[in-house]
Amino acid sequence: EAGVTQFPSHSVIEKGQTVTLRCDPISGHDNLYWYRRVMGKEIKFLLHFVKESKQDESGMPNNRFLAERTGGTYSTLKVQPAELEDSGVYFCASSERTPPLDTQYFGPGTRLTVL
Amino acid sequence: GQNIDQPTEMTATEGAIVQINCTYQTSGFNGLFWYQQHAGEAPTFLSYNVLDGLEEKGRFSSFLSRSKGYSYLLLKELQMKDSASYLCAAFHNAGNMLTFGGGTRLMVKP
């Protein structure tokens, strides 16, 4: 069974540009989560989808971040315009059912560098 | 608020046993997860505890005390490949999210 995949693995952009990150969850997983880890900090929750619906987006830092999950399969996270403080590693995770009855499985992350 | 504390770094010897502690203060706590993360890779699920007590999975065991807000991960018969970061994360039903500690970087030496 394929795991959670993320694309790209690395992205280097300049301040003010736009970047779109993609996450493909494990097939059949209705729950999809975005997290990020900025330099020297812990991994922090951004938002949670159940199928195509946003269940919880309380962790989104501001309106420069837009997440979508059209069709309830893969998800994208767009940052527009990117700022220096957006640099970090963006992780995606998926689960079949709501934890703790099930487990969140993480992708390898996208390392975003904003110059 | 949510607060998860774990040591930043630990060093242990191959073949030995190491215990990584984690304390938490979270509202609506509903479970404690442990993940292993090698540099540049995905966090990999190790174990979780919902009820008090010990969960054993081969060389890895995890313990939870809800009344004390305390958990630990026990690694036995350490191998060089166990050198990694170990992430403690609390799940709380206030939102379907994990709140992570900063991670403990474990270095296993020969």
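In what follows, chains carry the letters A, B, and so on, assigned in the order in which the sequence lines appear, proteins first and then strands, with residues in each chain numbered from 1.
By the 6.0 Å contact criterion, CZ on A:Phe7 is open, its count of non-hydrogen atoms from other residues, nucleotides or ligands being 12 or less. Counted within 6.0 Å of NZ on A:Lys15, heavy atoms from surrounding residues, nucleotides or ligands total 12 or fewer; the atom is thus considered open.
Side-chain N or O atoms of A:Arg37 include one that pairs as donor or acceptor with a backbone N or O of B:Gly102 at under 3.5 Å. The backbone N or O of B:Leu98 sits less than 3.5 Å from a side-chain atom of A:Tyr35, completing a donor-acceptor pair.
Looking at A:Ser9, there are no atoms closer than 4.5 Å to chain B (heavy atoms on both sides), in backbone or side chain. Proximity to chain A is absent for every atom of B:Ile4, based on heavy atoms less than 4.5 angstrom apart.
One hydrophobic cluster, built from ILVMFWY side chains closer than 4.5 Å, cannot hold both A:Tyr105 and B:Leu32; they sit in different ones. B:Leu87 is not connected to B:Tyr72 by any chain of hydrophobic side-chain contacts under 4.5 Å among Ile, Leu, Val, Met, Phe, Trp and Tyr, and they are in different clusters. Under a hydrophobic clustering in which Ile, Leu, Val, Met, Phe, Trp and Tyr are joined whenever their side-chain heavy atoms come within less than 4.5 Å, directly or via other members, B:Val50 and B:Met97 fall into the same cluster. Hydrophobic clustering of Ile, Leu, Val, Met, Phe, Trp and Tyr side chains at less than 4.5 Å, counting indirect connections, keeps B:Phe29 apart from B:Phe63.
Put simply, the side chain of B:Tyr35 reaches to within 4.5 Å of the side chain of A:Thr103, judged on heavy atoms.
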Item to complete: With side chain to side chain contact (heavy atoms under 4.5 Å, CB included) as the test, would you mind laying out the steps for B:Gln37 and A:Phe106 before giving the verdict?
Response: CA-CA 10 Å; B:Gln37 186 181 23; A:Phe106 281 76; over 6 Å; no
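Across every non-hydrogen atom of B:Pro43 and A:Gly107, the tightest pair is CD-O, 3.9 Å.
Taking the centre of each ring, A:Phe45 and B:Phe100 stay at or above the 6.0 Å mark.
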